[in-house]
Amino acid sequence: VVLPWMKEEMAAKGVDSETTFYVQDSPTLRVQPGPCARSVTPYNDQQYGHQPGELNFWIPFTDVDEIKTTLWAEENEDQG
């Protein structure tokens, strides 16, 4: 779903259409039950062996306001 859209966007910007993409064979699924008062220490995916430039998608399956769970993301690496 995402990859064809990315290729179209890149082609519209003049990027070579033969660009190669690599995807993870078995996606990682993380589950955070809620409501939950616990939290984890801030971390980045590279600390767990993920490659630089990796794209992550957060897909909440419930109302995040109801379960009081959220995702914090940094704009720049190691900037908090």
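Listed by chain and residue number, nothing satisfies the salt bridge (Lys or Arg N to Asp or Glu O under 4.0 Å) test with E66 (two or more places apart in sequence, or in another chain). Partners of F57 under the ring pair (Phe, Tyr, Trp, His ring centres under 6.0 Å) rule, at least two apart in sequence or in another chain, do not exist in this structure. With sequence neighbours excluded, the residues that form a side chain to side chain contact (heavy atoms under 4.5 Å, CB included) with Y48 are Y43, H50.
The salt bridge (charged side-chain N to carboxylate O under 4.0 Å, His left out) analysis of residues 2-14, with sequence neighbours excluded, yields the pairs E9-K13.
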